[in-house]
Amino acid sequence: DCADLDRSSRFWAGMLGYAAHPSTSKTYRTLLPPGGRGIEVLLQRVPEAKRGKNRLHLDLRTADLAGEIKRAIDLGATQLTDQPTEEDGLRWHILADPDGNEFCILQPVDAPSP
C-alpha cells in the first residue's frame, strides 16, 4: 500500500532492480523484474495512512549491509534502528519505505566485506 504510486514505484524499483510497468491506472502499478521473468510486485494506492505493524515484511539480503542501507536512504528510506540486530547468523537494520512500510536489510554475519 502507498499514497503516491510514482514515488513508491521509483523507490521499490530502485531497491529491487525492477522496472515500473507503464500504466494508466490511478490505483495500481506493477513492478517487473529484469527480463520480465520472476516475481512481480504490485503497488496499490490507498487513501489511508499506514497504521500499526505491517502484515507483510520484506527482508532483503546483501553482502554489503552499510552500502545497501545508504542506497536505500538515498532512494528515500528512513533507517529506524541505530544499531544492527544480530541473531541466528544474521545482522540487520530495520528501515521504512517512503510510506512507512517497514523492511529489513540483512547480511550474514560471516559474509566477506565488499
Discussion item. Which heavy atom of Pro34 sits nearest to which heavy atom of Tyr18, and what is that distance?
Written reply: CD-CD1, 4.3 Å
Fill in: ILVMFWY cluster, Val41 and Val46 together (side-chain gap under 4.5 Å)
no
Worksheet item: Is it true that Ile94 and Ile69 fall in one hydrophobic cluster, defined by side-chain heavy atoms closer than 4.5 Å?
Response: no
Worksheet item: For the hydrophobic clusters of this structure (ILVMFWY residues joined by side-chain heavy atoms under 4.5 Å, transitively), does one cluster hold both Leu60 and Leu80?
Response: no
Worksheet item: Got a salt bridge between Asp6 and Arg10, using NZ or NE/NH1/NH2 to carboxylate O under 4.0 Å?
Response: no
Worksheet item: Under a single-linkage definition using a 4.5 Å side-chain heavy-atom cutoff for Ile, Leu, Val, Met, Phe, Trp and Tyr, are Leu95 and Leu65 assigned to the same hydrophobic cluster?
Response: yes
Practice prompt. Please round to the nearest 0.5 Å and tell me the distance separating atom CE of Met15 and atom CG of Leu75.
Written response: 6.5 Å
Discussion item. Nearest 0.5 angstrom please: Thr30 OG1 to Glu40 CD, how far?
Written reply: 6.0 Å
Discussion item. If you apply the rule side chain to side chain contact (heavy atoms under 4.5 Å, CB included), what do you find for Leu42 with Tyr28, and how did you get there?
Written reply: CA-CA 7 Å; Leu42 180 67; Tyr28 300 101; 3.9 Å; yes
Practice prompt. Calculate, to the nearest 0.5 Å, the distance between atoms CG and CG belonging to Leu58 and Leu16 respectively.
Written response: 7.0 Å
Worksheet item: Rounded to the nearest 0.5 Å, how far apart are CD of Glu68 and CZ of Arg61?
Response: 13.5 Å
Practice prompt. Grab the two heavy atoms, one from Thr62 and one from Asp64, that are nearest each other, plus how far apart they are.
Written response: OG1-N, 3.1 Å
Discussion item. With a 4.5 Å cut-off on side-chain heavy atoms, are Phe11 and Pro98 touching?
Written reply: yes
Practice prompt. State, with a plain yes or no, whether a side-chain heavy atom of Thr85 is found less than 4.5 Å away from one of Arg91.
Written response: no
Worksheet item: Which distance, rounded to the nearest 0.5 Å, do you find between the CD1 of Ile39 and the CG of Leu31?
Response: 13.0 Å
Worksheet item: With a 6.0 Å cut-off on ring centres, are Phe103 and Trp12 close enough?
Response: yes
Worksheet entry | Charged N-O contact under 4.0 Å between Arg7 and Asp99 | yes
Worksheet, complete the sentence: Taken in chain and number order and not counting sequence neighbours, the residues that satisfy side chain to side chain contact (heavy atoms under 4.5 Å, CB included) with Lys50 are Asn54, Asn101, Glu102
Worksheet item: With a 4.5 Å limit on heavy-atom distance, are the side chains of Glu86 and Val109 in contact?
Response: yes
Item to complete: Answer yes if Ile105 and Leu90 sit in the same cluster of Ile, Leu, Val, Met, Phe, Trp and Tyr residues linked by side chain heavy atoms under 4.5 Å apart, and no otherwise.
Response: no
Worksheet item: How about Arg29 and Ser9: does a side-chain donor come under 3.5 Å of a side-chain acceptor?
Response: yes
Worksheet item: Can you tell me how far the SG atom of Cys104 sits from the NE2 atom of His57, to the nearest 0.5 Å?
Response: 3.0 Å
Worksheet entry | Smallest separation among heavy atoms of Cys2 and Ser8, with atom names | CB-OG, 3.0 Å
Discussion item. Take a 6.0 Å sphere around CD of Gln83 and say whether it holds more than 12 heavy atoms from other residues, nucleotides or ligands.
Written reply: no
